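Notes for the one structure printed next.
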There are 2 protein chains.
Amino acid sequence: MIPLELFKALADETRLLSILLIQQEGELCVCELVTALASSQPKISRHLAQLRTLGLLADRRQGQWVFYRLHPDLPGWVREVMASAAAQSDMQLAQPLARLEAMASRPAVGGNACGSAC
Amino acid sequence: MIPLELFKALADETRLLSILLIQQEGELCVCELVTALASSQPKISRHLAQLRTLGLLADRRQGQWVFYRLHPDLPGWVREVMASAAAQSDMQLAQPLARLEAMASRPAVGGNACGSAC
DNA sequence: GCCATATATATGATTTTTCATATAAATAGG
DNA sequence: CCTATTTATATGAAAAATCATATATATGGC
């Protein structure tokens, strides 16, 4: 990963907000990002696949859901850039975070699909 | 300037290398960047104008040359992002810097247009 | 079969590049 | 001083390339 590749990856609103939300929440599935960003499922899925291919995100399948998180091996300078951006993104993240909180049933937290068995 | 705008500005090879070279050298004119990046003059000029319009660069005309420098009022988080990128860009900057050094007569240094009178 | 996710194709939109030309300043010759 | 001529830079317009989105289809787990 060279700087030019990172900046291209972060130069799209959907990808930037997705990665900042994932950074803040630790892990999010596709359907949560679809709700948070009020976008279509194929659109979100395609951008997440792009970030995964680049090595910025790692994914984990849990039943019907695929959860994305920051790739554990991210170099320090990449984390630095993302931290600088995150510190300036309160306005951009407020509404997506509100929609995330407002989700009736979120996978893997509170009332998730497997109930108290998980 | 929001993070998305900065990342879009840095997501082009010509713009990224231009701004990193300017950061390292302090100030460069258009013709020096044309040589360093081995690109066409209109191409360089357009990208510099874009960076100036965005507030990332400031320009100064000195005779026939126009010198570009980092805008003095750049916010700290922008400088942080650029510093993280610069620290990873030795490979990308090596050849452009070599071409810069190899320029027969560089404006405002060594043998410039006004000779020893300046 | 249903739900969540992924992929393929086509299309629209934006970005980037090039070409030609314009402005502006220094230089040389009369 | 006046008028080419050269060098440096900028810009309008068009072509070319890239990117993003939508639609439709496919896969995989329950």
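FYI, side chains are in, hydrogens and waters are out, and symmetry mates aren't considered; it's all heavy atoms of this structure. Note that the structure is predicted; figures quoted are calculated from it, not measured. Note on naming: letters A, B, ... go to the chains in the order of the sequence lines (proteins, then strands), and numbering restarts at 1 for each one.
As a whole-Å value, the separation of B:Gln64 CD from C:dA25 C1' is 6 Å. In this structure, CZ of B:Arg61 is placed 16 Å from P of D:dT7, rounded to the nearest angstrom. D:dA20 atom P lies 6 Å from atom CD of A:Gln50, rounded to whole Å. Per the geometry, CZ belonging to A:Arg52 stands 9 Å off C1' belonging to C:dA6, to the nearest Å. Taking atom CG of residue B:Asp59 and atom P of nucleotide C:dA25, one finds them 14 Å apart after rounding to whole Å. Rounded to whole Å, atom C1' of D:dA20 lies 14 Å from atom CG of A:Leu51. Remark: P of C:dA4 and CG of A:Leu48 are 16 Å apart, rounded to the nearest angstrom. Rounding to whole angstrom units, CG of residue B:Asp12 and P of D:dA17 are separated by 16 Å.
Remark: nothing in residues 3-11 of chain A comes within less than 4.0 Å of DNA chain D through any heavy atom. Within residues 13-31 of chain A, the residues approaching DNA chain C are A:Cys29, A:Val30, A:Cys31, by heavy-atom distance under 4.0 Å.
Note: the hydrophobic cluster containing A:Leu33 does not contain A:Phe67 (ILVMFWY, side chain heavy atoms under 4.5 Å, direct or indirect links). Hydrophobic clustering (ILVMFWY, side-chain heavy atoms < 4.5 Å, transitive): B:Leu100 and B:Trp65 are in distinct clusters.
For B:Glu5, the CD atom is densely surrounded, since the number of other residues' heavy atoms within 6.0 Å is greater than 12.
For B:His71 against B:Gly55, the heavy-atom pair with the smallest separation is CB-O, 3.2 Å.
Of the possible polar contacts, none joining the B:Arg99 side chain to the B:Val34 backbone as a donor-acceptor pair under 3.5 Å is found. For B:Ser89 (side chain) and B:Ala85 (main-chain N/O), a donor-acceptor pair under 3.5 Å exists by modelled atom type. A donor-acceptor contact shorter than 3.5 Å links the side chain of B:Glu32 to the backbone of B:Cys29. No side-chain donor-acceptor contact under 3.5 Å links A:Glu101 to the backbone of A:Ala98. Under the 3.5 Å distance criterion, the side-chain polar atoms of B:Arg69 are left unmatched by any main-chain donor or acceptor of B:Glu27. At distances below 3.5 Å, not a single donor-acceptor pair connects side-chain atoms of B:Arg52 with backbone N or O atoms of B:Leu54. A donor-acceptor contact shorter than 3.5 Å is absent between the side chain of A:Ser45 and the backbone of A:Gln41.
Listed pair B:His47 / C:dT17 meets the phosphate criterion, a side-chain N or O lying under 4.0 Å from OP1 or OP2. Considering only side-chain N and O atoms, B:Tyr68 lies under 4.0 angstrom from the phosphate OP1 or OP2 of D:dA10.
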Below 3.5 Å between N/O atoms, which protein atoms pair up with nucleotides 18-20 of chain C? Just atom names and distances, please.
from: C:dT18; atom 1: O4; to: B:Arg46; atom 2: NH1; distance (Å): 3.2

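Distances from the side chain of B:Trp65 to the nucleotides D:dT9, C:dT5, C:dA26 place D:dT9 closest.
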